[in-house]
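To start, the structure itself, in structure tokens.
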Amino acid sequence: MRPSPLRRPRPTAPGRFGPAELRLALAAPRPAAGLTSEWRLVDGLRTHTRRGADPGAGAPPVVLVHGLAVSHRYLTPLAVALADTHPVYVPDLPGFGLSERPATAYGVARLADHLAAWLAAYRLPPACLLGHSFGAEVVASLAARHPEAVRAVVLVGPTSDPAARSRRGQFGRFLVDTVREAKLQAPILLRDVRDARPWRVYATLTHSVRNTVESDLVRIAAPTLVVTGSRDPVAPAGWRSQAARLVPGARDLVVPGAAHNVATTAPEQVADAVRFLLAPTLTNR
């Protein structure tokens, strides 16, 4: 029997991403809205992390993992939304954002191992790992390979749907999504692609479409939630349901009106879903 779905997210309008959100997203490494930047050496790479202050409530940490071509920047609204109740960390994966750029583009398993080393470097207890888009592939791999590091898993707009598991298929869906997103996200994408370099973005996309994420999904043992926007062309309803069925005991949630970047444009709804997922684990500590 499938678990019952999560409660419907609160009915605030998704899609908002205005000048204030843009300034906050581009603020690093300067402190802003309680978020600060720091670098630590992880597996020989200087790795940047945007983090919030510990609210001191004893809640488990939440680690936000960005997607393809991007960085911590577009996840800043969600980090702020979660920071009042959870310690929040948003690392830049190797080669992206403000982290050091290795000579090659890492594949999914190597990124998952780097993220596991990052968790060890921060000496974090088992954490809630939230991955968006390609970041969901990395989180699924980490949860399958390093289950001891994971308290809960949130897969937001996970890639890649087998129905479009090719570079052309994914690029086409991303193009469709651009017309459904808040337009002020564009400067973030341009900055992130410049930081990562186009060749790394292309190579990482190649790694993504060659990754059979299903083999990791069936191995996840932690409580799991799959979230998408109702207008997400990259992770449509059929794939969301399939991904949720593959993870033992997983639940799924749709945010009405949101497109692929639901973590950016509907951060309060996603934050509420994370808190609801973690509530039973807090009660049973």
Side-chain angles (χ1 to χ4, degrees), residues 1-14 33-35 50-65 75-91 115 119 122-132 135-136 138-140 142-144 146-158 217 219-230 235 240-241 243-258 262-285:
M1 179 182 295
R2 290 282 311 280
S4 59
L6 286 185
R7 62 183 178 185
R8 186 180 179 86
R10 55 175 149 181
T12 53
L35 302 179
R50 197 71 166 157
R51 64 181 293 184
D54 188 339
V62 180
V63 179
L64 311 182
V65 183
L75 292 174
T76 298
L78 179 57
V80 171
L82 284 164
D84 60 339
T85 55
H86 290 270
V88 179
Y89 301 80
V90 197
L115 188 57
L119 289 167
Y122 273 83
R123 299 184 178 181
L124 292 182
C128 173
L129 275 293
L130 181 151
H132 174 255
V138 176
V139 164
L142 186 147
H146 304 279
E148 73 287 347
V150 181
R151 184 167 190 157
V153 170
V154 184
L155 307 173
V156 183
L217 294 177
R219 296 169 59 198
I220 296 175
T224 299
L225 173 66
V226 182
V227 181
T228 63
S230 65
R240 180 195 71 246
S241 298
R245 285 195 301 270
L246 287 169
V247 181
R251 293 178 283 186
D252 59 342
L253 176 70
V254 181
V255 178
V262 59
T264 305
T265 60
E268 295 294 344
Q269 292 96 319
V270 176
D272 279 352
V274 171
R275 294 186 187 103
F276 190 80
L277 176 68
L278 290 174
T281 69
L282 288 174
T283 301
N284 297 325
R285 281 193 308 165

Apply side chain to side chain contact (heavy atoms under 4.5 Å, CB included) to the pair V227 and Q269, showing each step before the final yes or no.
CA-CA 10 Å; V227 181; Q269 292 96 319; over 6 Å; no
Any [X] side-chain heavy atom under 4.5 Å of [Y] side chain:
| X | Y | answer |
| --- | --- | --- |
| P61 | V88 | no |
| L124 | Y89 | yes |
| V154 | T224 | no |
| R251 | V226 | no |
| V63 | P91 | yes |
| L78 | E268 | no |

Let me confirm one number: the CG-CG distance from L277 to D272, rounded to the nearest 0.5 Å.
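Atom-to-atom, L277:CG and D272:CG are 12.5 Å apart.
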Compare every heavy atom of [Y] with every heavy atom of [X], then report the nearest pair and how far apart it is.
| X | Y | value |
| --- | --- | --- |
| A144 | R219 | O-NH2, 3.2 Å |
| P60 | P87 | O-CD, 3.8 Å |
| G229 | V254 | C-CG1, 4.2 Å |
| R240 | L253 | CD-O, 4.0 Å |
| V270 | A263 | CG2-CA, 4.2 Å |
| T228 | A235 | CG2-O, 3.7 Å |

Main-chain N/O of V262 paired to T264 side chain as donor or acceptor, under 3.5 Å:
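No; zero donor-acceptor contacts below 3.5 Å.
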How about T76 and R50: does a side-chain donor come under 3.5 Å of a side-chain acceptor?
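Short answer, no.
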Quick one: side chains of residues 125-132, donor-acceptor pairs under 3.5 Å with protein atoms, not counting sequence neighbours, listed by atom name and distance.
unit_1 : atom_1 : unit_2 : atom_2 : d
H132   : ND1    : Y74    : OH     : 2.8
H132   : NE2    : H260   : O      : 2.8

